[in-house]
Asker: 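Here it is: the structure, laid out below.
Here is the naming used below: chain letters follow the sequence lines, and residue numbers restart at 1 for every chain.
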2 protein chains.
Amino acid sequence: MDDPSDSSLSLEKQICFPFYEAANLLQQLYRPFLAPLNLTYAQYLVMLALWGHDGKSDVTVGTIGRQLGFETGTLSPLLKRMEAAGHVRRMRSPDDERRVIISLTRQGQLLREKAKYIPDQLLRDSGLNDAELAGLREKGQAFARCLRRMLQIRSV
Amino acid sequence: MDDPSDSSLSLEKQICFPFYEAANLLQQLYRPFLAPLNLTYAQYLVMLALWGHDGKSDVTVGTIGRQLGFETGTLSPLLKRMEAAGHVRRMRSPDDERRVIISLTRQGQLLREKAKYIPDQLLRDSGLNDAELAGLREKGQAFARCLRRMLQIRSV
DNA sequence: GGATATTATATTGCATACAATATAATTGCA
DNA sequence: TGCAATTATATTGTATGCAATATAATATCC
């Protein structure tokens with residue numbers, strides 16, 4: 001079987017394409033919910049990370065990058081836009097001036113109250129039951145884990 | 001339960017994030033395989049679509065857009081880059097001059113021979129068995145289908 | 001303690017993505 | 001036939017994404 005059949009190049013047989021398509025679609029799905037909060041989907045993920053840290057410890061650009069799998073080339077300008085929008089503050093660490101500490105502004109903290117209805121709303125709209133949702137999450141995480149392993153990226 | 005718990009905003013509980021992350025990772029995974037062919041992942045998907053049509057009938061910009069879920073704002077410049085790279089030709093339809101017919105160049109046809117080893121290579125590298133791969137594909141397709149339904153996009 | 005290596009972030013260049021809008025051609029209907 | 005509606009693609013503007021590179025600060029080693 002050294003010569004793979006041409007059918008392996010069939011669009012329908014692709015494993016990756018549905019995931020790629022889903023990523024595009026889910027951003028379209030979130031847009032009308034996030035636009036009123038002045039957030040894009042990538043920015044929403046950053047907010048989730050920051051809300052999760054609760055200001056208990058310093059969160060740097062690198063912290064967020066590792067959590068979300070973003071390179072600095074993505075995160076730096078993204079965080080500047082979020083700063084311009086008033087969601088976050090960027091501050092050089094006094095201890096290590098290479099680090100930039102990202103913290104929530106008051107507005108960024110308050111945004112959590114508006115955002116917390118979004119996940120449940122979308123879950124309801126999906127019409128999927130808990131088992132189906134759990135199955136999707138598990139498969140999504142498994143695939144991401146598989147890809148990280150193939151790329152030799154240390155999982156968070 | 002009108003007031004959702006804040007935990008719904010936890011990054012770990014998100015359904016969508018793993019799919020979003022996977023889409024970013026899979027492009028990184030394909031890059032070293034596709035770069036030698038002078039293709040990006042999105043362009044590879046266009047090639048899959050074109051190879052699948054086999055030149056049997058006219059493939060327009062709209063045809064590809066519906067198959068891949070791309071807007072014209074994405075596809076138009078993408079196809080121009082593929083034309084500049086010598087993979088495809090763009091030609092106004094004589095029948096309906098609004099249409100632009102996309103066809104493979106000789107180079108684009110030959111590229112299929114080089115590309116056909118990629119899927120099997122990646123499947124091997126994944127280390128997943130057939131059942132796991134089938135499960136992933138099914139869940140990915142199911143999620144994309146769910147999102148299309150939520151966005152009221154007619155499936156291809 | 002000073003050269004070297006490492007770390008953390010920023011910048012640049014290129015390629016997606018999509019919404020909104022524009023343009024041009026075709027269709028449909030009075 | 002003529003004009004409004006529709007269709008197909010292109011353009012513009014904004015926001016990702018990542019690789020490659022640059023910059024600056026810290027750590028390490030001798």
Asker: Measure the distance from CG on A:Leu34 to P on D:dT16 and round it to the nearest whole Å.
Answerer: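 Distance check: A:Leu34 CG to D:dT16 P gives 11 Å.
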
Asker: How close or far is atom P of C:dA15 from atom CG of A:Asn24, stated in whole angstroms?
Answerer: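 My rounded result for the distance is 18 Å.
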
Asker: Indicate the ring-plane relationship of B:Phe19 and A:Phe19, choosing parallel, tilted or perpendicular according to the 30° and 60° boundaries.
Answerer: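 Because their plane-to-plane angle is under 30°, the rings of B:Phe19 and A:Phe19 count as parallel.
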
Asker: In whole angstrom, give the distance that lies between atom CG of A:Leu26 and atom P of C:dC18.
Answerer: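 Checked: the CG to P distance equals 11 Å.
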
Asker: Under 4.0 Å between a side-chain N or O of B:Arg31 and OP1 or OP2 of D:dC18?
Answerer: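 The answer is no; no side-chain N or O of B:Arg31 sits under 4.0 Å from OP1 or OP2.
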
Asker: Tell me, with the steps shown, if A:Val46 and A:Leu75 meet side chain to side chain contact (heavy atoms under 4.5 Å, CB included).
Answerer: CA-CA 9 Å; A:Val46 170; A:Leu75 212 40; 4.2 Å; yes

Asker: For B:Arg81, check side chain to side chain donor-acceptor pair (under 3.5 Å) against everything at least two apart and list the hits.
Answerer: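 Listed in chain order: nothing, the list is empty.
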
Asker: Between P on D:dT16 and CG on A:Leu68, what's the gap in Å once rounded to a whole number?
Answerer: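 Nearest whole value for this atom pair: 12 Å.
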
Asker: Calculate the interatomic distance between B:Gln28 atom CD and D:dA20 atom P; express it in whole Å.
Answerer: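 Going from B:Gln28 (CD) to D:dA20 (P), I get 11 Å.
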
Asker: Starting at CD1 of B:Ile102 and ending at P of D:dA8, how long is that distance when rounded to a whole Å?
Answerer: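 Checked: the CD1 to P distance equals 14 Å.
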
Asker: Using side chain to side chain contact (heavy atoms under 4.5 Å, CB included), reason through A:Phe143 and A:Cys16 one step at a time and then give a plain yes or no.
Answerer: CA-CA 9 Å; A:Phe143 189 49; A:Cys16 289; 3.9 Å; yes

Asker: Let me know which of A:Leu45, A:Val59, A:Val88 forms a side chain to side chain contact (heavy atoms under 4.5 Å, CB included) with A:Ile64.
Answerer: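 It is A:Val59; the other options fail the test.
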
Asker: Should A:Tyr44 and B:Leu9 be marked as a side chain to side chain contact (heavy atoms under 4.5 Å, CB included) after you check the CA-CA gap, both sets of side-chain angles, and the distance that decides it?
Answerer: CA-CA 10 Å; A:Tyr44 171 66; B:Leu9 289 177; 3.7 Å; yes

Asker: Give the rounded distance in Å between these two atoms: CD of A:Gln27 and P of D:dT14.
Answerer: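 Whole-Å distance recorded here is 18 Å.
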
Asker: List the steps and the verdict of side chain to side chain contact (heavy atoms under 4.5 Å, CB included) for B:Leu123 and B:Leu133.
Answerer: CA-CA 8 Å; B:Leu123 291 178; B:Leu133 288 171; 3.8 Å; yes

Asker: Is the count of non-hydrogen atoms from other residues, nucleotides or ligands lying under 6.0 Å from B:Asp54 atom CG greater than 12?
Answerer: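 Yes - once you tally the heavy atoms of other residues, nucleotides and ligands closer than 6.0 Å, there are more than 12.
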
Asker: With a cut-off of less than 4.0 Å, is there a side-chain N or O of B:Thr60 near OP1 or OP2 of D:dA8?
Answerer: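 No, because none of the side-chain N or O atoms of B:Thr60 sits under 4.0 Å from OP1 or OP2 of D:dA8.
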
Asker: Kindly state which residues belonging to residues 39-49 of chain A come within less than 4.0 angstrom of DNA chain D, counting heavy atoms of the residue only, listed by number.
Answerer: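 A:Thr40, A:Ala42, A:Gln43, in order of number.
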
Asker: So, for B:Lys56 and B:Gly52, which heavy atoms are closest and what is the spacing to 0.1 Å?
Answerer: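 Heavy-atom minimum between the residues: NZ-O, 4.5 Å.
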
Asker: Can you list, by residue number, the residues of residues 69-100 of chain B that have a non-hydrogen atom closer than 4.0 angstrom to DNA chain D?
Answerer: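 Within residues 69-100 of chain B, the residues near DNA chain D are B:Thr72, B:Gly73, B:Ser76, B:Lys80, B:Arg90, B:Arg92, B:Arg98, B:Arg99, B:Val100.
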
